[in-house]
Protein chains: 2
Amino acid sequence: MLIRKLNSFVSLSNVDRKMLDRISTETRSIAPRMELVREGDKPASVLLITEGIACRHKHRACGTRQIIAFLLPGDLCDLDAALVDRIDHTITTVTACRVADITHQTMADLLGSNPAVALALRMSTLVDRAITHEWLVNVSSRSAVKRIAHLICELFVRFKAVGLVTHQSYMLPLTQTDLAHTMGLSTVHTNRSLQELRRRGLITLKGKQLTVLDVSKLRAIAEFDPTYLYLKA
Amino acid sequence: MLIRKLNSFVSLSNVDRKMLDRISTETRSIAPRMELVREGDKPASVLLITEGIACRHKHRACGTRQIIAFLLPGDLCDLDAALVDRIDHTITTVTACRVADITHQTMADLLGSNPAVALALRMSTLVDRAITHEWLVNVSSRSAVKRIAHLICELFVRFKAVGLVTHQSYMLPLTQTDLAHTMGLSTVHTNRSLQELRRRGLITLKGKQLTVLDVSKLRAIAEFDPTYLYLKA
DNA sequence: CGATCTATTGAATTCGATCAAGGAGTGTGG
DNA sequence: CCACACTCCTTGATCGAATTCAATAGATCG
């Protein structure tokens, strides 16, 4: 997944691929709803998600949490985390996950010895940043229905990029509560907005299977333009 | 300003300082409300703000804009911009500014030859990211009054770090419309929320001069904890 | 088969948006 | 120096989107 993703930024040589393969073979599995990294921790290693979905979130004083990113297969958490001595957010699995721990040393070696990979990794952090910017716009100025539509569009493209979309459909393993924590909405309103999207014939959502029935209409509503994701897909 | 900021992350040698001094001596001045970088542009150079305030923002389909960051003296725009071929946001001056243009080549040389500076610059992009995360939480889950209080607290600390705070007071050269675009609020509600902060005796705002009357109360309301800014100040 | 999440629905309330208009300050040109 | 245009700030009134509270119905699971 990581190779596939990075290769969409720059063309990787066989050596590059072999290097990336090596660092992502040794994985451990983690149960759903487990904290991988906790706010305040010292960064231990760079995490690579190879399977499953996790989220980055922050805690509010009042006890709620705000999700600020989703980590899909092929995504790295905190490439440069080694530079600080305190992580400022929590990372929690949503589904069961497999993750590879990449030591800071390994990462530093990789970046030093492998310019193409280094470039691709830097670009992927830029995409992460672009996603966060887009979320900021989304959450601060769009209506509930548009917000959710936007997230659905984004995840559609990101899942597609790692081959997890079939027939306009992907697994969205989030609860409505998770969605609410992502969109800055109440669960009740999240529920009603989802119903609105279904009622308009834009999506179906059965179990955790989300199907986009009308991509162009959904994108229009969400004001979604995928160029910020920098993927050829 | 840049040196002062970077020095708060790592101790810089005299050589480091001299290098940084050299890249920031040649500045040009820009009028208020001018676009420095436009969405869709090819990145030309890294910009360093030496005086004045600029903002990073995105345009909505409906014509409004959403401010996603403020750039204060000492802040760099887009350290890694050279990696992409299309900027995904606009940067506009708020006040008159002085900026230094740093070519990608100069920046690459600096990063290559000067490990301490490279480290400090990487850290400063991490702080930028932390700020964006904090904004995401702010805007998506806090009430209008808390949001504005949070921004005031953040700018207080950031201005203080570059020596622009005297007697609990700094210049906030934003119009209420700018503030509204930042907070995802209407101008009317922004106005009323500011009044609320004044009424509670937390701030005064005369002309563009903002004074924080009760830092600890303001921080409490905003749920503001400055550690994410990673400044000793 | 209870127990515990998760999803859904209804009603009441509130926060913030929108609409509309009036002042206050600034600059410009006659 | 005054009339005007313009931007920014302020206020009132109304409207609407989203929250909150509360209750029920499905799922899921040990």
How long is the line joining [atom1] of [X] and [atom2] of [N], in whole Å?
X: A/Met183; N: D/dA17; atom1: CE; atom2: C1'; value: 17 Å
X: A/Lys206; N: D/dG26; atom1: NZ; atom2: P; value: 18 Å
X: B/Gln209; N: D/dC9; atom1: CD; atom2: C1'; value: 18 Å
X: A/His181; N: D/dT19; atom1: NE2; atom2: P; value: 12 Å
X: B/Leu205; N: D/dT10; atom1: CG; atom2: C1'; value: 13 Å

Aromatic plane relationship, B/His89 with A/His133 - under 30° parallel, 30 to 60° tilted, over 60° perpendicular: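 If you compare the ring of A/His133 with that of B/His89, the planes turn out perpendicular.
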For A/Glu134, the option from A/Arg147, A/Arg142, A/Arg158 that meets salt bridge (Lys or Arg N to Asp or Glu O under 4.0 Å):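 Only one option passes, and that is A/Arg142.
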Helix axis bend for the helix from C/dC1-D/dG30 to C/dA21-D/dT10 - C1'-based end axes, five pairs, 10° rounding: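 End axes: 40° apart.
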Side-chain ion pair, A/Arg129 and B/Asp88, N-O less than 4.0 Å: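 The answer is no: the pair does not qualify as a salt bridge.
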Under the salt bridge (Lys or Arg N to Asp or Glu O under 4.0 Å) test, residues paired with B/Arg200 that sit two or more places apart: B/Glu196
Side-chain H-bond candidate by donor/acceptor type, B/Thr175 with B/Asp178, under 3.5 Å: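 There is such a pair (donor and acceptor under 3.5 Å, judged by atom type) between the side chains of B/Thr175 and B/Asp178.
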Donor-acceptor under 3.5 Å (A/Thr90 side chain, A/Glu39 main chain): yes
Flag, side chain of B/Lys146 to backbone of B/Ile221, donor-acceptor distance under 3.5 Å: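 Indeed, once roles are kept as given, a pair shorter than 3.5 Å links the two residues.
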Sugar-phosphate or base contact per nucleotide [nucleotides 6-15 of chain C; S, B, -; heavy atom under 4.0 Å]: SSBBBB----
Criterion side-chain contact (heavy atoms from CB on, under 4.5 Å) against A/Arg65, the qualifying member of A/His59, A/Arg60, A/Lys58: A/His59
